[in-house]
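Have a look at this one.
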Amino acid sequence: MTTTQPAEILLVEDNPDDAELTLNAFQRSVLKNQIHHVKDGVEALEFIFATGKYASRAADAPPRVILLDLKLPKITGLEVLRRIRADERTKLLPVVVLTSSREERDVIESYKLGVNSYIVKPVDFAKFTESITKLGEYWLFLNEVPFVT
Amino acid sequence: VDFFPFSDLSIHRKLIRISQISSAVALLLSCSVFVSYDWFTSRHSLAQSLLVNGDIVGYNSTSALIFNDASSATETLKAFQSRINIISAAILNAKGQLFASYQRSDQTHPIVLPSDFPYHDKKYQFSNGFLFIYDPILSEGTVIGYVYIQSDLQTIHSRLERYLVIALGILLISFMGAALITAPLAQRISRLEEALQESEERLRLMIESVTDYAVYMLSPTGHIASWNKGAERLKGYNVDEVLGHHFSKFYSSEDQVNKKPEKELEIASTQGRVEEEGWRIRKDGSRFWANTIITPIRDKNGRLRGFSKVTRDMTERKQAEENSRLLTENLLKQTEQLKIANKELESFSYSVSHDLRAPLRAIDGFSKRIIEEYASKMDDEGRRLLNVITRNTRQMNELIEGLLSFSRLARQEPNLKPLDMSRIVRSIIDDLLASEPGRILDLTLKPLAFGNGDPLLIKQVWVNLLSNAFKFTRHTAKPSIEVGSFAKEGEIVYYVKDNGAGFDMAYADKLFGIFQRLHSTNEFEGTGIGLANIHRIIARHHGRVWAEGKINGGATFYFSLPKGENE
């Protein structure tokens with residue numbers, strides 16, 4: 001995969017305000033129109049594995065990075081992460097936990113399940129925007145991922 | 001119970017009496033056998049010798065009888081004079097009629113022949129203390145007459161008398177001999193006996209006087225055979241009320257139905273001992289928790305003679321155990337509740353961490369977007385109001401952060417290490433000075449004693465105390481801060497002293513409460529979490545915190561850490 005192809009970021013976030021702020025932050029940066037937002041764990045898994053309402057989506061075009069909130073309705077963020085890592089097709093997919101929780105056990109559990117990064121959302125809007133921008137730049141431009149068929 | 005005839009005698013007397021009796025019996029028995037044998041043989045030999053005499057006299061009298069010469073026969077009979085035991089003698093003709101007679105000189109009455117004469121089957125007979133001889137006189141195979149002799153048994157009697165005297169003599173000598181031989185033995189025995197009696201008495205008195213233990217004896221069937229003061233005190237029965245009763249009366253009716261007392265005796269006699277604890281019943285019906293030990297008593301041959309039983313009242317211990325059990329149970333219950341409360345606190349802090357900050361972020365984020373994207377459409381007042389909102393969201397975020405750090409401390413177990421406090425303090429002061437370039441301070445850093453603590457947590461304490469000192473001396477003309485330590489019994493006390501804003505001692509107890517502030521945010525920034533955290537950290541180290549201060553007169557904050565084992 002090369003950077004010339006349309007990159008996709010999957011944002012898994014149940015809080016619409018947080019989602020709007022995140023999307024807004026992306027829009028302020030260079031990463032416009034490359035982001036897809038889902039509102040719970042079920043929808044996230046459907047998108048990732050191209051099932052349910054995302055059945056028509058090409059399963060061979062996975063997002064380049066997933067921004068995952070932990071506290072989600074239906075299926076929790078940690079469970080989503082576990083299923084991503086358990087599947088041969090997605091186990092190498094970069095996943096970044098983006099959450100309000102700085103609880104030690106959440107951090108430890110996420111890393112145990114093989115998360116690539118753990119980011120606590122700052123409350124301060126300026127810092128928040130900065131974090132999101134840096135995050136996007138790092139995972140889409142700086143980071144190299146293995147070629148996945 | 002003794003079936004011995006002299007049970008009331010002392011042992012050594014018994015011994016002498018027994019030896020005397022046994023030797024007497026032996027002697028008498030042998031004497032009587034001997035005497036009766038001798039009596040029988042001497043009677044027989046007397047009869048035989050008289051018969052021989054009779055034969056001779058009869059032979060010599062044959063011609064006298066044939067020729068009817070009575071005087072010649074009388075003359076022949078006089079030969080009996082030499083035998084003084086012959087009282088009378090006679091020659092009878094063939095018809096048994098008196099022909100000639102002889103009488104001892106002391107005899108006055110004429111001869112009277114016994115009525116049962118003549119005998120047909122025997123030649124002599126003992127009768128009425130006399131020996132009668134009836135010896136036929138033969139001439140050419142024909143009985144021509146009889147020799148009659150009456151003899152007394154004087155010789156046999158005097159012989160028997162002599163025997164008796166000798167036997168008595170021997171008996172006497174043997175008695176004396178026995179006494180002589182047993183005397184030293186008896187003395188020994190009597191000494192032993194006295195000692196035995198004494199020790200037995202001592203033991204008895206001792207057992208008697210024991211009042212804390214019921215000590216008593218049981219028969220092999222479990223009937224009470226002795227009773228001491230302790231038993232009386234413990235069970236409430238006196239001796240007369242229980243002696244001979246079965247010991248199961250001290251057990252509850254349930255135990256009695258289950259044959260527990262009998263089973264205990266069974267176990268004791270097969271295993272050599274049984275120790276048991278359980279409820280027992282007093283005379284008045286009240287119960288007590290007893291510890292009992294039953295030991296079988298056996299004689300030399302292993303025959304069961306009874307049981308000794310020692311009972312102790314353990315009611316107090318039992319109650320203490322029961323109380324401590326209840327206490328432990330309550331404690332465990334409370335601990336469980338505390339754990340649940342802690343869990344709840346944990347999930348509370350988790351939700352604070354996650355859920356309270358999300359809306360805050362939205363308030364801040366959208367306010368900022370208004371400021372940035374709609375600033376031109378607002379006047380100064382509108383912008384000021386929005387800034388108030390964002391300033392408060394920041395403040396609230398700090399409060400949440402403080403709350404989180406405080407609750408996190410509650411769960412963290414300190415990892416104790418020896419700490420170089422001087423080094424820690426110096427590095428913190430360096431950082432603080434670097435963050436406020438141009439601050440002029442009079443700093444006194446005294447050498448600090450090492451302390452045992454969690455490096456991160458104790459560093460947090462110093463950071464909070466020192467930054468407080470920096471903060472509250474900001475408006476002071478000649479700010480000075482002093483850091484030091486001193487040893488106190490069992491602990492090391494560290495302090496940070498400043499000459500800053502100080503505080504009113506009336507509120508000293510509020511200082512370390514969570515979110516407690518004695519100054520307004522306008523005067524000095526802060527959330528009021530710092531001292532609460534210090535309090536919590538030091539409490540987790542089993543130390544103390546306190547403070548002294550005066551309004552505008554500075555403040556001194558102290559914390560102590562327990563001394564380690566090798567300090």
Side-chain angles (χ1 to χ4, degrees), chain A residues 11-29 37 39-41 67-73 75-81 97-110 115 118-135, chain B residues 342-375 383 386-413 415 454 456-457 460 527 529:
Chain A
L11 174 66
V12 189
E13 174 61 79
D14 68 314
N15 184 326
D17 296 333
D18 265 5
E20 189 183 336
L21 287 175
T22 309
L23 293 171
N24 184 265
F26 275 121
Q27 277 160 17
R28 287 158 184 250
S29 69
H37 172 218
K39 294 174 184 62
D40 60 54
L67 303 182
L68 185 63
D69 192 11
L70 288 183
K71 207 172 177 192
L72 294 171
I75 296 176
T76 67
L78 286 175
E79 178 60 19
V80 171
L81 176 59
V97 164
L98 188 61
T99 177
S100 297
S101 167
R102 58 166 87 253
E103 284 297 302
E104 190 70 3
R105 56 173 181 185
D106 282 343
V107 181
I108 289 170
E109 199 53 38
S110 299
V115 80
Y118 190 103
I119 311 289
V120 177
K121 296 180 211 166
V123 169
D124 185 279
F125 181 66
K127 286 180 188 163
F128 180 77
T129 309
E130 191 190 339
S131 301
I132 295 296
T133 308
K134 279 182 180 169
L135 184 70
Chain B
N342 244 344
K343 270 261 168 352
E344 279 169 0
L345 190 73
E346 222 175 288
S347 65
F348 166 75
S349 72
Y350 184 83
S351 77
V352 166
S353 150
H354 194 278
D355 299 345
L356 288 194
R357 289 202 295 184
L360 210 55
R361 191 162 44 245
I363 294 167
D364 191 61
F366 288 99
S367 305
K368 288 269 174 62
R369 279 184 64 191
I370 294 173
I371 293 169
E372 286 175 20
E373 294 167 25
Y374 300 91
R383 284 189 289 274
L386 276 170
N387 277 324
V388 171
I389 292 173
T390 57
R391 196 177 68 237
N392 274 287
T393 56
R394 200 163 46 239
Q395 174 76 7
M396 184 156 175
N397 188 41
E398 278 170 18
L399 286 172
I400 290 170
E401 288 293 333
L403 196 63
L404 281 176
S405 70
F406 186 74
S407 75
R408 218 174 282 130
L409 282 178
R411 284 175 273 152
Q412 208 166 319
E413 203 52 53
N415 177 21
D454 182 294
L456 287 175
L457 294 176
Q460 189 61 44
T527 56
I529 200 74

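The sequence lines fix the lettering, A, B, ..., with proteins before strands; numbering per chain opens at 1. None of the values given here were measured: they were computed from a predicted structure.
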Task: Side chain proximity check, R357(B) to V120(A), heavy atoms < 4.5 angstrom - done: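 They are in side-chain contact.
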TODO: Report the distance from atom CZ of R369(B) to atom CG of N24(A), rounding to the nearest 0.5 Å.
DONE: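 Nearest 0.5 Å value for the CZ-CG distance: 3.5 Å.
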Open item on the list: Which atoms of D18(A) are under 4.5 Å from chain B, going by heavy atoms: the side chain, the backbone, both sets, or neither?
Closed with: side chain
Task: Residue list, side-chain hydrogen bond (donor to acceptor under 3.5 Å, both in side chains) with E130(A), at least two apart or on another chain - done: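 Testing E130(A) for side-chain hydrogen bond (donor to acceptor under 3.5 Å, both in side chains), a comparison that skips the adjacent residues, returns K134(A).
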TODO: Taking all heavy atoms of V123(A) and all of N397(B), pick out the closest pair and write down the distance.
DONE: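 Minimum heavy-atom contact is CG2-OD1, 3.2 Å.
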- [ ] Please tell me if the side chains of R361(B) and D17(A) come closer than 4.5 Å, counting only heavy atoms from C-beta onward.
- [x] no
Open item on the list: If you compare all heavy atoms of A358(B) against all heavy atoms of N15(A), which two are closest, and at what distance to 0.1 Å?
Closed with: CB-ND2, 3.6 Å
Task: Nearest-0.5 Å distance, CZ of residue F125(A) to CD of residue E372(B) - done: 6.0 Å
- [ ] Sort E398(B) into side chain, backbone, both or neither according to what part of it lies under 4.5 angstrom from a heavy atom of chain A.
- [x]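 E398(B) has no heavy atom closer than 4.5 Å to chain A.
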